[in-house]
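Numbers here are sequence positions counted from 1.
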Amino acid sequence: MVDIESLFPRLCGSLYQVTSPPSSIYNCIAWAAGDMNRWWWPDFLKQRHWPAGVPREETCAAFQEAFATLGFVVCSKEVAEPGFEKIAIFADAAGPQHASRQLQNGRWTSKLGELEDMEHELHDLEGAEYGKVSVVMRRPL
């Protein structure tokens, strides 16, 4: 069993909670998109799901374009806004590494690779594994 606090030290002492068992069916990008039936990633071999017409590139622009196919647009605030659903894309120098979805209570939910889903504060996952929040996007509910 993986110790998620060792992967994400900012979780130590926070009020995060694990909300599902591990699964290899879907990943964080799919979870943020609301899709629990497939793994989303822009792999060149096209073995994973990626929205049609979006470049299969591990760039922030391509990930923003992928979420734009679902109606998301870039916004400046990470706080909850009535009537909107938000996602956040995390990136490091190599490109996008993770995405989270905001819950109606203002907290965030993430799928940790093949590990569990969890509820957390947005910046609790920043660090060596996922980098930092690079963009927040929203769409009307």
Side-chain angles (χ1 to χ4, degrees), residues 1-52 54-141:
M1 183 167 180
V2 176
D3 176 16
I4 59 175
E5 288 185 7
S6 65
L7 290 174
F8 306 101
R10 294 179 77 159
L11 289 173
C12 296
S14 74
L15 298 176
Y16 77 93
Q17 59 182 331
V18 172
T19 56
S20 78
S23 171
S24 60
I25 296 171
Y26 62 99
N27 67 342
C28 62
I29 308 304
W31 180 245
D35 183 351
M36 294 178 18
N37 297 312
R38 55 193 170 183
W39 195 281
W40 285 42
W41 201 256
D43 61 309
F44 291 112
L45 297 176
K46 299 182 180 181
Q47 295 177 331
R48 301 297 189 173
H49 173 73
W50 198 241
V54 177
R56 285 185 172 270
E57 302 170 348
E58 292 182 21
T59 64
C60 287
F63 277 64
Q64 286 178 40
E65 198 173 325
F67 282 105
T69 68
L70 302 173
F72 286 95
V73 297
V74 174
C75 67
S76 60
K77 298 180 198 171
E78 61 191 50
V79 296
E81 294 180 72
F84 290 95
E85 177 180 31
K86 294 188 177 183
I87 60 100
I89 300 170
F90 291 67
D92 62 16
Q97 303 297 322
H98 180 69
S100 292
R101 178 171 29 95
Q102 191 174 48
L103 300 168
Q104 291 301 300
N105 64 9
R107 290 176 54 82
W108 293 78
T109 180
S110 289
K111 171 75 163 76
L112 305 177
E114 292 187 0
L115 302 176
E116 300 90 350
D117 302 337
M118 64 180 301
E119 184 177 316
H120 58 90
E121 293 299 327
L122 181 59
H123 298 281
D124 287 349
L125 298 183
E126 290 183 327
E129 286 293 315
Y130 291 156
K132 295 186 176 204
V133 173
S134 66
V135 67
V136 176
M137 301 178 77
R138 73 178 190 174
R139 70 176 174 189
L141 286 172

**Report entry** For the student: nearest non-hydrogen atoms of Asp92 and Ala94, plus distance
**Finding:** OD1-N, 2.9 Å
Query - Minimum heavy-atom distance between Phe63 and Pro96, given as atom pair plus value - result: CD1-CG, 3.5 Å
Query raised in the report: Can you tell if the side chain of Val18 reaches within under 4.5 Å of the side chain of Ile4, non-hydrogen atoms only?
Result: yes
Report task. To the nearest 0.5 angstrom, please state how far the CG atom of Asp117 sits from the OG1 atom of Thr19. Result -> 4.5 Å
Query raised in the report: What do the steps show when you test Leu70 against Ile87 for side-chain contact (heavy atoms from CB on, under 4.5 Å), and what is the final call?
Result: CA-CA 11 Å; Leu70 302 173; Ile87 60 100; over 6 Å; no
Query raised in the report: Going from NZ on Lys132 to NE2 on His98, what distance comes out if it is rounded to the nearest 0.5 angstrom?
Result: 16.0 Å
Report task. Work out which heavy atom in Glu129 is nearest to a heavy atom in Phe8; give both atom names and the distance. Result -> CB-CE2, 3.5 Å
Query raised in the report: In Å, rounded to the nearest 0.5 Å, how long is the span from OH of Tyr26 to NE2 of His49?
Result: 16.0 Å
Report summary line: To the nearest 0.5 Å, atom CD of Glu119 lies from atom OG of Ser14 at 10.5 Å
Query raised in the report: Is a side-chain donor or acceptor of Arg38 paired with a backbone partner of Ala30 at a separation under 3.5 angstrom?
Result: no
Query raised in the report: To the nearest 0.5 Å, how far apart are CG in Asp35 and CD1 in Ile29?
Result: 12.0 Å
Query raised in the report: Is there side-chain contact between Val136 and Lys77, with heavy atoms separated by less than 4.5 Å?
Result: no
Requested in this report: Examine distances only and state if a side-chain atom of Lys86 and a backbone atom of Ala80 form a donor-acceptor pair shorter than 3.5 Å.
Outcome: no
Report summary line: Minimal heavy-atom distance between Ala99 and Phe67, with the atoms involved, is CB-CZ, 4.1 Å
Query raised in the report: Stepwise, does the side chain to side chain donor-acceptor pair (under 3.5 Å) test hold for Glu58 with Trp41?
Result: CA-CA 8 Å; Glu58 292 182 21; Trp41 201 256; 2.9 Å; yes
Report summary line: For Glu78, the salt bridge (Lys or Arg N to Asp or Glu O under 4.0 Å) test, sequence neighbours excluded, returns none
**Report entry** Shortest non-hydrogen contact between Val54 and Ala66, atoms and distance
**Finding:** CG1-N, 3.8 Å
Query raised in the report: Looking at side-chain heavy atoms only, is the closest gap between Leu141 and Gln104 below 4.5 Å?
Result: yes
Query raised in the report: Tell me, do Tyr16 and Glu5 make a side-chain contact under 4.5 Å, heavy atoms counted?
Result: yes
Query raised in the report: What do the steps show when you test Glu121 against Arg10 for salt bridge (charged side-chain N to carboxylate O under 4.0 Å, His left out), and what is the final call?
Result: CA-CA 10 Å; Glu121 293 299 327; Arg10 294 179 77 159; over 6 Å; no
Report summary line: For Trp108 and Gln102 the tightest heavy-atom approach is CE3-N, 3.3 Å
Report task. Under the side chain to side chain donor-acceptor pair (under 3.5 Å) rule, what do His120 and Ser110 come out as? Steps first, then yes or no, please. Result -> CA-CA 8 Å; His120 58 90; Ser110 289; 2.6 Å; yes
Report task. Show your working on side-chain contact (heavy atoms from CB on, under 4.5 Å) between Leu122 and Phe90 and close with a plain yes or no. Result -> CA-CA 10 Å; Leu122 181 59; Phe90 291 67; 3.8 Å; yes
Report summary line: Per side-chain contact (heavy atoms from CB on, under 4.5 Å), Pro42 is matched among Arg56, Arg48, Glu57 by Arg56
Report task. Identify the residue among Glu116, Glu114, Lys111 that makes a side-chain contact (heavy atoms from CB on, under 4.5 Å) with Ser23. Result -> Lys111
Requested in this report: Return yes if some donor-acceptor pair links the side-chain N/O of Thr109 with the main-chain N/O of Met118 below 3.5 Å, else return no.
Outcome: yes
Report task. Kindly determine whether Cys60 and Val135 satisfy side-chain contact (heavy atoms from CB on, under 4.5 Å), including the steps that lead there. Result -> CA-CA 8 Å; Cys60 287; Val135 67; 5.8 Å; no
Query raised in the report: Above 12 or not: heavy atoms from other molecules or residues under 6.0 Å from CD1 of Ile25?
Result: no
Query raised in the report: Are Leu112 and Leu125 close enough that some pair of their side-chain heavy atoms sits under 4.5 Å apart?
Result: yes
Query raised in the report: Any idea how Trp50 and Trp40 line up, ring-wise: parallel (<30°), tilted (30 to 60°), or perpendicular (>60°)?
Result: perpendicular
